[in-house]
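A short write-up of the structure that comes next.
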Number of protein chains: 2
Amino acid sequence: MCSAIRRDGGSDLTARARIRDAAIACFGRHGFDVTVRAIADQAEVSPGLVIHHFGSKAGLQRACDDHVVGLVGALKTESVTAHDDQGFLRQLASMEEYAPYLAYILRALQTGGPLGASLFERMVADAELYLAAGEAEGTIRPSRDPARRARWLTAGALGSILMLVTLGRAGQEIDFAEVFREWETEYMLPALELYTEGLLTERTLLDSYLRHTEEHSEEAD
Amino acid sequence: MCSAIRRDGGSDLTARARIRDAAIACFGRHGFDVTVRAIADQAEVSPGLVIHHFGSKAGLQRACDDHVVGLVGALKTESVTAHDDQGFLRQLASMEEYAPYLAYILRALQTGGPLGASLFERMVADAELYLAAGEAEGTIRPSRDPARRARWLTAGALGSILMLVTLGRAGQEIDFAEVFREWETEYMLPALELYTEGLLTERTLLDSYLRHTEEHSEEAD
DNA sequence: TAGTCTATTGAACATGTGTTCAGCAATCAG
DNA sequence: CTGATTGCTGAACACATGTTCAATAGACTA
């Protein structure tokens with residue numbers, strides 16, 4: 001019968017952990033279509049053992065998700081000092097050792113599914129906190145709907161990174177140093193320009209939209 | 001030996017065209033991992049005929065790409081009257097009959113590859129034209145780098161749509177009426193707010209970035 | 001009607017991939 | 001040394017999927 005695994009009471013250097021780390025690396029590098037055999041090779045074990053430990057490929061991915069979520073949570077509570085639009089994404093990016101986790105997270109966002117959605121929500125919540133703090137300081141303009149603004153800014157920034165990765169290197173590996181460098185040289189200037197100076201010279205579009213929603217607020221909500 | 005197909009001189013109601021249309025619909029609805037058999041079912045032909053006409057699944061996808069590109073090009077030259085940030089994407093969205101092509105385009109952008117990249121470049125070029133026109137009219141603020149600004153705005157808007165689709169409905173079908181409705185209720189207000197009023201109250205970030213790039217412009221370019 | 005040509009079928013094939021399982025080897029108790 | 005427990009292997013299995021091909025049906029010509 002299948003016995004439980006924790007052979008030395010919780011230490012995390014077992015074959016199970018090695019497989020999980022190899023899976024995170026492979027999923028991050030090649031996407032979630034990577035084969036169990038490739039993961040097994042990376043972990044230097046047999047394909048059978050992968051299934052033996054995690055029940056199925058889906059179970060393995062779930063374990064990877066859980067591990068990454070735990071790691072993100074730990075990192076977040078550890079250092080709440082950084083003030084940044086990107087939240088923990090940039091924080092992770094600054095540390096070379098966390099590159100595989102970053103790749104995994106980007107794949108999760110690219111693929112969709114529960115992990116990607118929950119990470120996105122987390123980033124939105126972070127962005128809202130940072131924006132509120134900036135608003136309190138006076139460096140960020142107030143918004144008619146801070147929650148939606150945080151979501152929009154996050155979706156735009158993250159979406160642009162995702163498009164860079166998806167369109168630039170379809171099917172290839174992800175090199176984060178390069179992706180972030182490219183993002184900066186390509187988008188930093190227009191982003192700062194837009195954030196500080198805006199895009200439109202007139203208020204007509206915004207005002208007419210606000211009027212339009214006011215008129216229709218009687219039948220909704 | 002395999003003969004050419006155009007049996008009646010170019011009319012497009014042959015089985016080949018039916019297969020191609022079914023493939024566009026299936027690819028758009030379920031992504032490019034959809035099976036040849038599913039496409040054959042949709043077109044009410046045998047799987048063998050699909051391969052017979054297009055050589056392989058990759059060939060079929062190439063034919064779909066070409067057809068969509070041609071359609072987009074035709075639509076573009078047909079009506080150059082609309083002035084909009086989204087370019088032909090919104091234009092397509094307004095027409096119910098083009099829903100499958102829109103879905104296909106979004107899948108192409110989501111998956112990456114040559115079609116997605118070329119469509120993206122096209123949208124960037126469109127956006128740049130529209131922005132330049134607005135700048136000439138005086139409704140759009142001038143930019144230090146109009147090309148990069150157009151790219152950034154396009155990537156942000158498109159990326160946010162893509163994230164909505166990817167995170168909201170992973171693996172499910174795409175309903176564009178719903179996606180665009182959701183985009184509008186979720187992002188229209190903060191987008192207009194950002195575009196007309198900006199985000200930051202101070203110029204320090206932008207100015208320091210500009211100074212930073214000036215300092216380093218001696219070794220590059 | 002007979003003949004030919006071509007579009008079409010559907011069963012079979014090849015391959016890739018998740019999963020299973022009987023057995024091996026290493027460790028440890030006695 | 002012996003026996004047993006257990007992590008682990010790798011060959012085999014089942015299934016999905018792209019692809020092939022011999023056979024068929026339908027249409028057009030003479």
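First the proteins, then the strands, lettered A, B, ... as listed; each starts at 1. Only a predicted model underlies this, so the values are computations on that prediction, with no experimental measurement involved.
When distances run from any side-chain atom of B/K57 to the nucleotides C/dT19, C/dT8, D/dT19, the shortest one goes to D/dT19. Looking at the side chain of B/T35, the nearest of the listed nucleotides C/dT8, C/dT20, D/dG18 is D/dG18. Nearest to the side chain of B/H52, among C/dG18, D/dT19, C/dT8, sits C/dT8. The side chain of B/V45 approaches C/dT9 more closely than any other nucleotide in the set D/dT9, D/dT19, C/dT9. Comparing C/dT9, D/dT20, C/dT19 against the side chain of B/I51 picks out D/dT20 as the nearest. Distances from the side chain of B/P47 to the nucleotides C/dT9, D/dT19, C/dT19 place D/dT19 closest.
B/S46 comes within contact range of at least one nucleobase, with a heavy-atom separation under 4.0 Å.
Rounded to whole Å, atom C1' of C/dG18 lies 15 Å from atom CG of A/L49. As rounded to whole Å, 12 Å separates atom P of C/dG18 from atom CG of A/D41. Between A/F54 atom CZ and C/dG18 atom C1' there is a gap of 16 Å when expressed in whole angstrom units. Rounding to whole angstrom units, CD of residue A/E44 and P of D/dC8 are separated by 13 Å. Rounding to whole angstrom units, CD1 of residue B/I39 and P of D/dT17 are separated by 12 Å. In this structure, B/F32 atom CZ and D/dT17 atom P are separated by 17 Å, rounded to whole Å. Computed from coordinates, the A/I19 CD1 to D/dG7 P distance equals 12 Å when rounded to whole Å.
Residue A/Q42 is tested with A/R37, A/R29, A/R18 for a side chain to side chain donor-acceptor pair (under 3.5 Å); the sole match is A/R29.
We find the OG1-NE2 distance between A/T14 and A/H53 to be 6.5 Å, quoted to the nearest 0.5 Å.
Nearer the 5' end of DNA chain D, as judged by each residue's closest nucleotide, is the contact made by A/G48, out of A/G48 and B/A58.
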Task: Test salt bridge (charged side-chain N to carboxylate O under 4.0 Å, His left out) applied to A/E186 and A/R181, step by step - done: CA-CA 8 Å; A/E186 201 64 37; A/R181 211 181 316 126; over 6 Å; no
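Side-chain rings of A/Y98 and A/Y104 stay apart, their centers remaining 6.0 Å or farther from each other.
Within 3.5 Å, a donor on the side chain of A/R37 pairs with an acceptor on the base of C/dG18, or the reverse.
By the salt bridge (Lys or Arg N to Asp or Glu O under 4.0 Å) test, A/D145 is found to be paired with A/R148, residues two or more places apart in sequence or in another chain being considered.
Between A/H53 and D/dC8 there is a side-chain polar atom (N or O) within less than 4.0 angstrom of OP1 or OP2.
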